[in-house]
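Order of listing sets the numbers, starting from 1, for every ligand and every atom in it.
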Amino acid sequence: MKAIRIHRQDDAKKLIYEEAPRPQPADGEVLVQVYATSVTPAELGWGATWKTQAGADRPLPIPGHELSGVIVQMGAHVADLHIGQAVYGFTAFDRDGSEAEYTIALPAELAPKPASLDHVHTAAVPLAALTAWQALFDHAALSAGQTILIHGAAGGVGTFAVQFAHWAKAYVIGVDAPWNQALLHKLGCDEVIDFTTTRFEDVIHDADVVLDAVGVGDALDRSWSVLKKGGVLISLARPPAPEQAESHGVREVFFIVQTNRAELARIGDLIDAGQIQPLVSEVLPLAQASQAYEHKQGGRTPGKIVLQVVSEPAFG
Ligand SMILES: NC(=O)c1ccc[n+]([C@@H]2O[C@H](COP(=O)([O-])OP(=O)(O)OC[C@H]3O[C@@H](n4cnc5c(N)ncnc54)[C@H](OP(=O)(O)O)[C@@H]3O)[C@@H](O)[C@H]2O)c1
């Protein structure tokens, strides 16, 4: 099969489109024909991309762990999925991913594809939406009437966080670049801050939740004073300092997103109900993965960049 394989750690130029062995599903696994997958540049450097859980090297790993596609083969003992079913999902980082014509997935990593979306838009959902969902609802227990400030609100994770928070009837403050301000109002922000002209900590106080979905820079360290006592600071890139949390009387959270079939299904239902929409800023063919990563790393690409593997229309 054709696949993208990473030939050098953390180097988007070394994402090579080439032949790779087509995987075979073992017991409890399914083989998915990938129609579309989306890009998460940070994974090129993550430990799980380069080592198995047992610590063995993973030479030439296939990246991309968000997929939309169709089940084409099943191993034994897979009960509740079927061949020909359109699915979407988020697969483990320590196995070969979905920047390929075929990939292996576990049933627990897959949910029915939202019927209202094509594969390209579906592929923009799994990792980013699960991260946002888990941050807001599993870790922060965000509820109606609370205030949340989201750094990186126009990014892959941020665009879902804004929409989920708005859907949950929270007051949503989005912080991002000047070129993303109109988008953030459209997605449901009640207030928008341009980080290039305004220091958010000068104008926002007493927030219940802050989500740092930027991952670089000093937004995390400047966020403590924005929170009310008992508030929650959630970071996706590095753990916030516990001593700072204690001195400000807030709770700090750092977590790694987990795949979750029930949450994927719930998110799919919200999409089909018209409450949530993925944002795709660019679609490129699989063979141009390298350019896709470079474009995402260059910024000014709100939401996700998607790699299309099979042209639609497709069955499912
Ligand atoms: N822990 C986990 O499980 C998990 C899961 C997913 C992602 N992550 C991490 O979460 C972070 C966000 O991921 P993503 O895919 O959403 O990234 P992304 O799509 O690149 O989004 C980041 C957004 O932040 C904007 N931005 C840049 N500097 C900013 C600043 N100082 N203040 C406010 N906004 C700023 C960017 O604008 P421009 O691009 O236009 O500059 C972009 O809109 C990354 O560090 C990623 O590795 C962690």
Side-chain angles (χ1 to χ4, degrees), residues 10 12 37-49 63-66 90-94 123-136 138-140 148-164 172-184 187 189 191-204 210-223 226 233-240 252-260 263 278-282 292-306:
D10 250 337
T37 178
S38 68
V39 161
T40 302
E43 78 165 280
L44 300 184
W46 289 343
T49 305
H65 294 80
E66 311 184 70
F90 165 45
T91 60
F93 286 110
D94 60 1
V125 178
L127 168 65
L130 279 177
T131 306
W133 184 276
Q134 290 171 14
L136 269 53
D138 298 347
H139 293 286
I148 180 170
L149 180 143
I150 301 168
H151 297 297
V157 176
T159 48
F160 284 105
V162 167
Q163 293 181 79
F164 289 146
V172 188
I173 303 162
V175 187
D176 210 292
W179 47 87
N180 288 322
Q181 305 290 291
L183 166 71
L184 292 183
L187 289 176
C189 283
E191 217 172 309
V192 171
I193 295 175
D194 170 357
F195 74 83
T196 65
T197 57
T198 305
R199 287 179 69 81
F200 61 86
E201 66 271 43
D202 292 345
V203 291
I204 305 297
V210 172
L211 169 63
D212 179 11
V214 179
V216 293
D218 60 358
L220 183 68
D221 302 320
R222 288 164 44 213
S223 289
V226 164
L233 176 56
I234 300 190
S235 165
L236 301 178
R238 62 184 164 95
E252 100 285 2
V253 176
F254 167 73
F255 75 100
I256 303 290
V257 60
Q258 302 293 314
T259 199
N260 186 311
E263 290 180 346
L279 180 73
V280 175
S281 57
E282 197 174 345
Y293 280 72
E294 289 185 326
H295 290 182
K296 189 65 190 162
Q297 287 166 338
R300 297 197 181 219
T301 52
K304 299 287 287 188
I305 294 184
V306 173

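Annotation for ligand 1: atoms under 4.0 Å from non-hydrogen atoms of Ala213 are 11 (C), 12 (C), 22 (C). Contact atoms of ligand 1 toward Phe255: 1 (N), 2 (C), 3 (O) (distance under 4.0 Å to a heavy atom of the residue). With ligand atoms numbered from 1 in the order given, ligand 1 contributes 2 (C), 3 (O) to contacts under 4.0 Å with heavy atoms of Val257. Of all the atoms in ligand 1, the ones that sit under 4.0 Å from a non-hydrogen atom of Arg300 are 38 (P), 39 (O), 40 (O). Shown in contact with Trp179 at under 4.0 Å from a heavy atom are these atoms of ligand 1, numbered in order with element: 40 (O). Residue Gly215 approaches ligand 1 through these ligand atoms, each under 4.0 Å from one of its heavy atoms: 45 (O). Every atom of ligand 1 with a heavy atom of Val175 under 4.0 Å away is listed here by number and element: 33 (C), 34 (N).
For the 3.5 Å distance criterion, the side chains of Gln134 and Glu263 qualify, holding a donor opposite an acceptor.
Among protein heavy atoms, atom 5 (C) of ligand 1 sits closest to Thr131 OG1, 3.3 Å. The nearest protein atom to atom 7 (C) of ligand 1, hydrogens excluded, is given as Val157 CG2, 3.9 Å; this is a heavy-atom distance. Of the protein's heavy atoms, Ala42 CB, 4.7 Å lies nearest to atom 46 (C) of ligand 1. Of all protein heavy atoms, the one lying nearest to atom 29 (C) of ligand 1 is Phe195 CE2, 3.4 Å. Taking atom 21 (O) of ligand 1 as the reference point, the nearest protein heavy-atom neighbour is Gly155 CA, 3.1 Å. Closest protein heavy atom to atom 42 (C) of ligand 1: Asp176 OD2, 3.7 Å. Remark: minimum distance from atom 17 (O) of ligand 1 to any protein heavy atom is reached at Gly156 N, 4.4 Å.
At a threshold of 4.5 Å between non-hydrogen side-chain atoms, the residues Asp176 and Ile150 do not count as touching. In this structure the side chain of His151 reaches within 4.5 angstrom of the side chain of Val210, judged on heavy atoms. In this structure, the side chains of Trp133 and Val257 stay at 4.5 Å or more apart for every pair of heavy atoms. Between Leu127 and Phe93, the closest side-chain pair of non-hydrogen atoms falls below 4.5 Å. Contact check for Asp202 versus Thr198: no side-chain heavy atoms found under the 4.5 Å cut-off. Residues Phe255 and Thr131 have side chains in contact (heavy-atom distance under 4.5 Å, counting atoms from C-beta outward). Taking the side chain as every heavy atom from C-beta outward, Trp46 and Thr40 approach each other to under 4.5 Å. You'll find the side chain of Val175 stays beyond 4.5 Å of the side chain of Ile204, heavy atoms only.
By the criterion of a heavy-atom distance under 4.0 Å, neither the backbone nor the side chain of Lys304 is placed next to ligand 1.
When the heavy-atom distances from atom 45 (O) of ligand 1 to Val214, Asp218, Leu236 are ranked, the shortest goes to Val214.
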Inset, instruction - Quick one: do Val125 and Phe160 satisfy side-chain contact (heavy atoms from CB on, under 4.5 Å)? Show the steps, please. - result: CA-CA 8 Å; Val125 178; Phe160 284 105; 4.1 Å; yes
Legend entry - Step-by-step side-chain contact (heavy atoms from CB on, under 4.5 Å) determination, Leu211 to Leu236: CA-CA 8 Å; Leu211 169 63; Leu236 301 178; 4.1 Å; yes
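There is a protein heavy atom closer than 4.0 angstrom to atom 25 (C) of ligand 1.
A heavy-atom separation below 4.0 Å is found between Lys296 and ligand 1.
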